[in-house]
Protein chains: 2
Amino acid sequence: MSSTIKVLLAEDQSMVREALAALLGLEDDIEVVAQVARGDEVLPAAREHDIDVALLDIEMPGATGIEAAAVLHRELPAVKLVVLTTFGRPGYLRSAMEAGADAFLVKDAPAAQLAEAVRKVLAGERVIDPTLAAAALAEGANPLTDREREVLRAAEDGSTNAELAAALHLSQGTVRNYLSTAIQKLAVRNRAEAVRTAREKGWL
Amino acid sequence: MSSTIKVLLAEDQSMVREALAALLGLEDDIEVVAQVARGDEVLPAAREHDIDVALLDIEMPGATGIEAAAVLHRELPAVKLVVLTTFGRPGYLRSAMEAGADAFLVKDAPAAQLAEAVRKVLAGERVIDPTLAAAALAEGANPLTDREREVLRAAEDGSTNAELAAALHLSQGTVRNYLSTAIQKLAVRNRAEAVRTAREKGWL
DNA sequence: CTCGTCGTATGACATCTGTCATCCGGCAGT
DNA sequence: ACTGCCGGATGACAGATGTCATACGACGAG
């Protein structure tokens, strides 16, 4: 091994981030050279530190790990991307791969897989949970239009049609139409279930 | 230092759990002697390993960290309890303290606080984020009755009144009454918002 | 014993939500 | 040029939801 693998770690929960850093620190060939807590701090930190691999949590303020991955892929294509998430949602996997991720790990996988994944992506391999990959393929693509997603996202907190209409500059009837079509596409019975299953599939 | 502090670590996400173990492993005076991934495995593991401190994540299958804390407090009162959670919900803090927790940490606190908390609880101190403590006190107690909570919990996934009535062996009208009073108590405008704010406050 | 609260229930009413048909303008394929 | 889809809108209707008054038995506090 010529020199250590330089890793950027992006994860918003300090305790988890520093714990993961400690875990990776146990590996002789890996060095965590930068840590950030927000998605929008990833690119600047990556530029500053000349890293080999970026380890990105999806759920972060500022920008999601997937958005950060897309930016890194465009701006620093040599950097390998490992996306890490609590939720093994097939839609997340799909978006992550589209954003140029080289590996996709869920946090309830064994810890040993983390260092493994870092080494493998650097060797040019891709690391993906086969079960999840199958699920992502089986599920098909996101059937929702942009607007439908927007309305669903806005409806998540329990806003009424009137509030949604005001917030999105739409008529109340249009809001209901979008929700109605979304409900049908998702084969559920009301907006709450629609929001739920769309989230679950990673389609929001 | 007479001997090392023996810690049980309960957290369902392997990667996080093992990372936290690695973090604690860096401390000379602390030793993680047992790890479990489910709330209902806490007591047996604690019995087997003769531990000083239990570190309990709240969000776990089997039983929540708070439930596990209550059980440990009753069965092994000598064991100190550190409750750890992603969500700094005041209601969680309240329940954790009622369950006999000695420390309450949120995962986005600095990692150093974890080892600190372990040492402090062993020394008989209590460790609580002052901001969170203030919020818990300011918020007052949970105003919802048992049944209202049950119905709200059941309504979380978007079930209709008919489904809720069937699931809870109630009449449809009664379900609506409970939801109505819950909505009023929480000062919101529909069940979705009610579920949301109740969750947020840790009242479910 | 009485008062308040909880769990449960009903009926009536007003409003919100979900569905459907229908329409328009824009834009991408063929 | 035609077809189809998307974004946007309206109106009508049925069904779900939220509110309110009211009722009853159980139970704990006073």
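In what follows, chains are A, B, ... by sequence order, proteins preceding strands, each numbered from 1. Computed from a predicted model, the values in this text were never measured in an experiment. Computed over heavy atoms, backbone and side chain alike; hydrogens, waters and symmetry mates excluded.
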Phosphate OP1/OP2 of D:dA16: any B:T160 side-chain N/O under 4.0 Å: no
In whole angstrom, give the distance that lies between atom CG of A:N190 and atom C1' of C:dT19. 14 Å
Rounded to whole Å, the CG-C1' distance (B:L179 to C:dG7) equals 15 Å
Take atom CD of B:E150 and atom P of C:dG7, then tell me their distance rounded to the nearest Å. 9 Å
Once base and sugar-phosphate atoms are separated, protein heavy atoms under 4.0 Å mark nucleotides 8-15 of chain C, 5' to 3', with B, S and - as BBB-B---
Any donor-acceptor N or O pair under 3.5 Å, side chains B:R147, B:N177: no
From CG of A:L164 across to P of C:dG18 the rounded distance in Å is 10 Å
Donor-acceptor pair, distance only, cut-off 3.5 Å: does the side chain of A:Q113 make one with the backbone of A:P110? no
Have a look at A:T145 and say if it touches a base, only the backbone sugar-phosphate, or nothing, with a 4.0 Å heavy-atom cut-off. sugar-phosphate
If you pin A:Q184 and A:G158 to their nearest nucleotides in DNA chain C, which one's is more 5'? A:G158
Should the pair B:D29-B:R119 be classified as a salt bridge under the 4.0 Å nitrogen-to-oxygen rule? yes
Nearest-Å distance, CD (A:E148) to P (D:dC6)? 8 Å
Tell me if a side-chain donor or acceptor on B:E27 pairs with a main-chain N or O of B:L24 at a distance below 3.5 Å. no
So, A:E75 side chain and A:V71 main chain: donor-acceptor pair closer than 3.5 Å or not? no
Pairs flagged by side chain to side chain donor-acceptor pair (under 3.5 Å) wherever residues 96-109 of chain B is involved - sequence neighbours left out: B:E11-B:K107, B:D57-B:K107
How many Å lie between CD on B:E163 and P on D:dG15, as a whole number? 17 Å
OP1 or OP2 of D:dT17 less than 4.0 angstrom from a side-chain nitrogen or oxygen of B:N161, does that happen here? yes
Would you say the side-chain atoms of A:R94 pair up with the backbone N or O of A:A136, donor to acceptor, closer than 3.5 Å? yes
Nearest whole angstrom, please: distance from the P of D:dG18 to the CG of B:L186. 13 Å
C:dT19 P sits how many Å from A:K185 NZ, rounded? 13 Å
